[in-house]
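I have placed the structure first, in the form of structure tokens, so that the comments after it can refer back to it.
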Amino acid sequence: QPSMRTPHGALLLLFILACLRGAYSGGGRSRFTSIISFGDSYADTGNLVMWADPVLPGLPLKNLPYGETFFGHPTGRATDGRLVLDFIAEALGLPSVPPYLAKGSNFSAGVNFAVVGAPALNLTYLQGLNLTVNPPINSSLHDQLAWFQKLKPSLCKGQGTDCFESSLFVMGEFGGNDYISFLLSNRTVEQARPYVPQIVDSISRGVERLVQHGAKYIVVADIFPIGCLPGALTKLANPNKVEYDRHGCLKRVNRLARYHNSLLRQQIMMLRYKYPHTKIIVVEYYKPFLAFLDMPEHFGLNSSTTLLTCCGAGGPPYNYDFNAGCGLPSVTACANPYQALQWDGFHLTESAYRTVANGWLHGPYADPPIMHVAR
């Protein structure tokens, strides 16, 4: 009965639509039922601001224009809107990952331990090196793993060893704050360099602990080119043009970040070899950041403001002032944050994070891309 046959063209069209639906809707097609996140201000969805009141009065992060773009109010995210983690949750059809300190939250679809300012190394250790750590709280990778361990029984009620079978763990980035502490404490890049192996080691030990807790899928992030951040560029301004690359970033500082990233990669290769049954996904902040500087227009960014802080003060070259940070009463945001790369001197805009997230989900900034593993 020929009437029963569907024309090939229609079948092909249905197939293409199904593929597109898979690529763009994350809804319900993913193997992941929860996201468990560790990190710093690139991932914190509200822990620092909940930590705050008696301990850290007057956090500028609690004020507009933080959060203005998407939420319309400050959420504790260090940007104008959403973070990479928010876009990943959305693509996987999961709710926004709630901060651990949001007591009474439902953590069944995930929990976020990340804290703005969190270092890889412990606070007491860094302070023992006479470094200024800001904020001076116990939020390091080690502390976050301790919180995870404390919460684990309630996350795994009655599920035994398969508890994290369908959880996506996200580790990092970590390390950026350690290096920034060195640089803002008037140390040179050369003085920070000997600590890189130790910082990377603390991250890889953290990943290993997650594997031992039963993690099957772990995303590990590298660090961004710190020498391209307006805060670093302002603090370390150098009259010698030789110190800058063609984008206007500080070469030495970026070399430090690349050294960290290459050591991290080596450690991940060893962990993959040691734990063949765990999928470790390496994702990048470094490369997309450089791509934004290389081809801003391609990403819808304004090419004349790539090193200018959107929410800052002081005007060119970086519009950054340590005494007039974003969130303080006199400081306003630029008119078009969606065309800006740099949000507040140390963090990027929602626009930039969206592009980074796409690169983690679909490539090229992930090995392997998260969506390839999610199906």
Side-chain angles (χ1 to χ4, degrees), residues 35-71 73-86 89 96-105 107 110-124 126-127 131-148 150-151 170-181 184 206 221 223-224 226 229 231 285 309 311-312 322 325-328 331 333 343-350 353:
I35 295 175
I36 299 174
S37 155
F38 302 84
D40 59 14
S41 53
Y42 278 56
D44 184 357
T45 52
N47 283 314
L48 183 68
V49 292
M50 288 171 192
W51 194 299
D53 290 324
V55 201
L56 307 160
L59 269 188
L61 194 57
K62 290 183 156 181
N63 306 328
L64 281 166
Y66 282 102
E68 67 172 17
T69 299
F70 179 74
F71 301 98
H73 58 89
T75 61
R77 290 166 176 79
T79 181
D80 59 312
R82 289 164 289 183
L83 301 165
V84 174
L85 189 67
D86 294 305
S96 159
V97 190
Y100 169 66
L101 295 179
K103 292 290 175 248
S105 284
F107 296 136
V111 55
N112 189 1
F113 299 103
V115 185
V116 169
L121 303 176
N122 291 349
L123 175 67
T124 43
L126 293 169
Q127 287 177 331
L131 299 176
T132 306
V133 181
N134 188 21
I137 55 175
N138 288 310
S139 63
S140 71
L141 169 51
H142 177 85
D143 299 303
Q144 293 180 29
L145 286 165
W147 296 346
F148 167 65
K150 206 167 95 184
L151 192 64
V170 185
M171 172 64 84
E173 65 104 69
F174 276 105
N177 286 311
D178 303 71
Y179 303 124
I180 286 166
S181 296
L184 297 187
I223 63 171
F224 43 90
I226 301 168
L229 295 174
Y285 278 114
T309 308
C311 181
F322 276 94
C326 187
L328 294 178
V331 181
W343 171 244
D344 61 2
F346 285 99
H347 307 102
L348 307 186
T349 57
E350 175 181 285
Y353 287 144

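Residue numbers start at 1 and run along the sequence shown.
When each of Trp147, Tyr100, Phe113 is checked for a ring-ring contact (aromatic ring centres under 6.0 Å, His included) with Trp51, only Trp147 meets the rule.
Checked against side chain to side chain donor-acceptor pair (under 3.5 Å), Glu350 has the following partners two or more places apart in sequence or in another chain: Arg82. Residues that satisfy the ring pair (Phe, Tyr, Trp, His ring centres under 6.0 Å) test with Tyr353, not counting sequence neighbours, are Tyr42. Remark: Phe322 engages Tyr320 in a ring pair (Phe, Tyr, Trp, His ring centres under 6.0 Å) (not counting sequence neighbours). Every residue meeting the ring pair (Phe, Tyr, Trp, His ring centres under 6.0 Å) condition with Tyr179, not counting sequence neighbours, appears here in chain and number order: His260. With sequence neighbours left out, Asn134 forms a side chain to side chain contact (heavy atoms under 4.5 Å, CB included) with Pro136. Residues satisfying the side chain to side chain contact (heavy atoms under 4.5 Å, CB included) test with Leu328, not counting sequence neighbours, are Pro60, Val331. Considering only residues two or more places apart in sequence or on other chains, Asp86 meets the salt bridge (charged side-chain N to carboxylate O under 4.0 Å, His left out) condition with Arg77. By the side chain to side chain contact (heavy atoms under 4.5 Å, CB included) test, Ala43 pairs with Ser37, Ala114, sequence neighbours left out. Under the side chain to side chain donor-acceptor pair (under 3.5 Å) criterion, Thr69 pairs with Asp80, not counting sequence neighbours. Thr132 meets the side chain to side chain contact (heavy atoms under 4.5 Å, CB included) test with Ser185; sequence neighbours excluded. In this view, Asp344 and Tyr66, His347 satisfy the side chain to side chain donor-acceptor pair (under 3.5 Å) rule, not counting sequence neighbours.
Two residues are said to be in side-chain contact when any heavy atoms from C-beta on lie closer than 4.5 Å; Val115 and Leu101 fail this criterion. Counting only heavy atoms from C-beta outward, the side chains of Phe224 and Leu229 approach each other to under 4.5 Å. A heavy-atom distance below 4.5 Å is found between the side chains of Leu64 and Pro74. Annotation: side chain of Pro119 is in contact with side chain of Ser139 (closest heavy-atom distance under 4.5 Å).
Rounded to the nearest 0.5 Å, atoms CG (Asp44) and OG1 (Thr79) are 12.5 Å apart. To the nearest 0.5 angstrom, Ser41 atom OG is 9.5 Å from Leu48 atom CG. Distance check: Leu131 CG to Ile180 CD1 gives 12.5 Å after rounding to the nearest 0.5 Å. Here Asp178 contributes atom CG and Leu121 contributes atom CG; the two are 4.5 Å apart, rounded to the nearest 0.5 Å. In this structure, Asn112 CG and Gln144 CD are separated by 8.0 Å, a value rounded to the nearest 0.5 Å.
Ala120 approaches Ser140 most closely through the heavy-atom pair O-CB, 4.3 Å. Considering every non-hydrogen atom in both Phe107 and Pro98, the closest pair reads CD2-CG, 3.7 Å. In terms of heavy atoms, Ala89 sits closest to Val97 at CB-CG2, 4.3 Å. Taking every heavy atom of both residues into account, Thr75 and Val49 meet most closely at O-CG2, 4.2 Å. Of all heavy-atom pairs spanning Asn138 and Asp143, the tightest one is C-OD2, 3.1 Å.
Remark: the backbone N or O of Val133 is not paired with any side-chain donor or acceptor of Gln127 at under 3.5 angstrom. Here the side chain of Asn122 pairs no donor or acceptor atom with the backbone of His142 at under 3.5 angstrom.
Within a 6.0 Å radius of NZ in Lys150, no more than 12 heavy atoms belonging to other residues, nucleotides or ligands are found.
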Report task. Given side chain to side chain contact (heavy atoms under 4.5 Å, CB included), test Val84 with Tyr285 step by step and report yes or no. Result -> CA-CA 10 Å; Val84 174; Tyr285 278 114; 4.0 Å; yes
